[in-house]
Amino acid sequence: HEDGRVFSVIDTTLGRLEERMLTVKFKGDFHRVFFRNIEYIESRGQMCIIHCTCRHQYGFYRRLHEIEKVLDRRFVRCHRSYIVNMDYILNIENDIKMISGDIVSMAQNRKREIEQIYQKYLEELEKSRVFMPNSFFGCPLVLLLTAPIGNIQLFHSCTTESACTLHLCVATQGYAS
């Protein structure tokens with residue numbers, strides 16, 4: 001019975017870590033772009049350009065509203081030509097300044113609404129974070145929600161982005177990796 005609960009916690013947690021991505025055709029090749037790597041998406045006519053955190057850009061033919069439908073809650077449509085990843089907003093004034101330094105236009109008639117959406121997103125993000133002093137900033141596991149069930153608890157630690165460990169703690173058995 002206890003084993004079933006352990007596996008349930010692991011399955012639930014690992015499901016939360018699933019990487020979401022867009023697949024786009026760019027210069028004749030298909031590319032998979034993880035949501036976490038998208039800083040913002042720009043529309044120019046019928047072409048969209050994904051601006052990535054690594055400064056790569058992928059142009060492809062699709063309408064912005066079609067892309068908007070598949071994105072998750074970290075993205076907000078701030079203008080008829082832009083969708084931004086709220087994880088990379090530096091500040092919001094008359095426009096949106098991204099962490100990269102890029103300036104993204106914002107519909108002025110939606111400024112207050114966008115600020116509220118961003119504030120709510122930040123509040124929800126803070127509530128979902130668990131204090132993890134051994135976490136590397138930028139690691140996808142940092143957003144892991146621990147799920148205590150009885151004496152079972154999942155913990156995360158890492159020293160670099162490529163050296164993450166998910167620990168399963170069962171009070172009677174200690175740690176297992």
Side-chain angles (χ1 to χ4, degrees), residues 11-130 132 135-147 156 158 161-162 164 166:
D11 286 345
T12 300
T13 303
L14 292 178
R16 292 178 182 147
L17 298 176
E18 240 178 59
E19 286 280 354
R20 305 239 358 242
M21 70 184 81
L22 285 176
T23 302
V24 298
K25 189 173 183 179
F26 177 67
K27 294 185 178 179
D29 295 322
F30 287 95
H31 299 271
R32 298 167 76 180
V33 184
F34 291 106
F35 284 7
R36 67 179 157 90
N37 295 333
I38 299 172
E39 185 176 25
Y40 64 96
I41 304 169
E42 175 184 7
S43 173
R44 291 186 192 162
Q46 296 204 4
M47 180 173 235
C48 284
I49 300 164
I50 295 176
H51 296 264
C52 295
T53 56
C54 63
R55 305 304 286 164
H56 286 169
Q57 296 180 3
Y58 298 97
F60 58 102
Y61 291 97
R62 199 173 311 160
R63 294 194 180 269
L64 201 57
H65 75 273
E66 294 170 3
I67 297 168
E68 186 177 18
K69 290 177 188 176
V70 300
L71 297 172
D72 62 23
R73 69 183 185 92
R74 78 186 97 179
F75 293 92
V76 64
R77 180 96 176 241
C78 59
H79 186 273
R80 62 186 165 93
S81 300
Y82 293 98
I83 296 173
V84 297
N85 183 336
M86 291 186 283
D87 291 336
Y88 301 112
I89 292 176
L90 184 62
N91 65 35
I92 299 176
E93 291 176 358
N94 289 328
D95 291 312
I96 298 173
K97 185 171 185 179
M98 306 303 292
I99 287 178
S100 66
D102 289 357
I103 305 295
V104 175
S105 295
M106 178 172 50
Q108 292 306 303
N109 62 341
R110 292 194 57 222
K111 182 177 190 265
R112 185 178 174 132
E113 175 191 358
I114 292 164
E115 288 173 332
Q116 289 172 346
I117 290 168
Y118 180 55
Q119 183 63 37
K120 183 178 178 185
Y121 176 74
L122 292 178
E123 289 168 4
E124 289 174 1
L125 197 60
E126 283 304 312
K127 286 179 188 174
S128 71
R129 287 187 191 267
V130 175
M132 292 176 279
S135 296
F136 177 72
F137 180 75
C139 173
L141 290 176
V142 168
L143 299 179
L144 173 69
L145 300 174
T146 59
H156 160 258
C158 60
E161 191 167 3
S162 61
C164 295
L166 187 61

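The residues of the chain are indexed from 1 along the displayed sequence.
Judged by distance alone, with hydrogens and angles left aside, the side-chain atoms of Arg20 form a donor-acceptor pair with the main-chain N or O of Val70 at under 3.5 Å. Using modelled atom types, one side-chain atom of Gln108 and one backbone atom of Met106 make a donor-acceptor pair closer than 3.5 Å. Glu39 places a side-chain N or O within 3.5 Å of a backbone atom of Ser100 that can act as its donor or acceptor partner.
Taken to the nearest 0.5 Å, the CG atom of Asn85 stands 6.0 Å off from the CZ atom of Arg74. Once rounded to the nearest 0.5 Å, the distance linking CD1 of Ile67 with CZ of Phe60 reads 3.5 Å. The distance from atom CD1 of Ile103 to atom CE of Met98, rounded to the nearest 0.5 Å, is 10.0 Å. Rounding to the nearest 0.5 Å gives a distance of 11.0 Å between CD of Glu123 and CG of Leu125. Atom CD1 in Ile89 sits 5.0 Å away from atom CD1 in Ile96 (nearest 0.5 Å). Separating the CG atom in Asn37 from the OG1 atom in Thr53 is a distance of 4.5 Å, to the nearest 0.5 Å.
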request  = For Leu71 and Ile41, run side-chain contact (heavy atoms from CB on, under 4.5 Å): C-alpha distance rounded to whole Å, both residues' side-chain angles, the deciding distance at 0.1 Å, then the answer.
outcome  = CA-CA 11 Å; Leu71 297 172; Ile41 304 169; 4.0 Å; yes
task = Would you please test Tyr88 and Ile38 for side-chain contact (heavy atoms from CB on, under 4.5 Å) and show each step?
result = CA-CA 9 Å; Tyr88 301 112; Ile38 299 172; over 6 Å; no
inquiry  = If you apply the rule side-chain contact (heavy atoms from CB on, under 4.5 Å), what do you find for Val104 with His79, and how did you get there?
reply    = CA-CA 9 Å; Val104 175; His79 186 273; 5.9 Å; no
message = Run His51 and Ile49 through side-chain contact (heavy atoms from CB on, under 4.5 Å) and show every step you take.
response = CA-CA 6 Å; His51 296 264; Ile49 300 164; 3.7 Å; yes
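The side-chain hydrogen bond (donor to acceptor under 3.5 Å, both in side chains) test with Glu113 singles out one residue from Lys111, Arg110, Gln116, and that residue is Arg110.
The aromatic rings of Phe35 and Phe75 lie perpendicular to each other, with more than 60° between the two planes, well past the 30° mark. Taking the six-membered ring where tryptophan is involved, the planes of Tyr58 and His31 are tilted, since the angle between them lies from 30° to 60°.
The 12-atom threshold is exceeded at NE2 of His65, counting heavy atoms of other residues, nucleotides or ligands nearer than 6.0 Å. Within 6.0 Å of atom CD in Gln46, 12 or fewer heavy atoms from other residues, nucleotides or ligands are found, so the atom counts as exposed in its surroundings.
Contact check for Val33 versus Met21: no side-chain heavy atoms found under the 4.5 Å cut-off.
Of all the heavy atoms in Ser105 and Cys78, the pair that sits closest is O-SG, 3.4 Å.
Cation-pi geometry between Arg36 and Phe34 is satisfied (NZ or CZ under 6.0 Å from the ring centre, within 45° of the ring normal).
Comment: Glu66 does not engage Arg63 in a salt bridge, judged by the lack of any side-chain N to carboxylate O separation of less than 4.0 angstrom.
Side-chain contact, Gln119 with Glu115: no donor N or O sits under 3.5 Å from an acceptor N or O.
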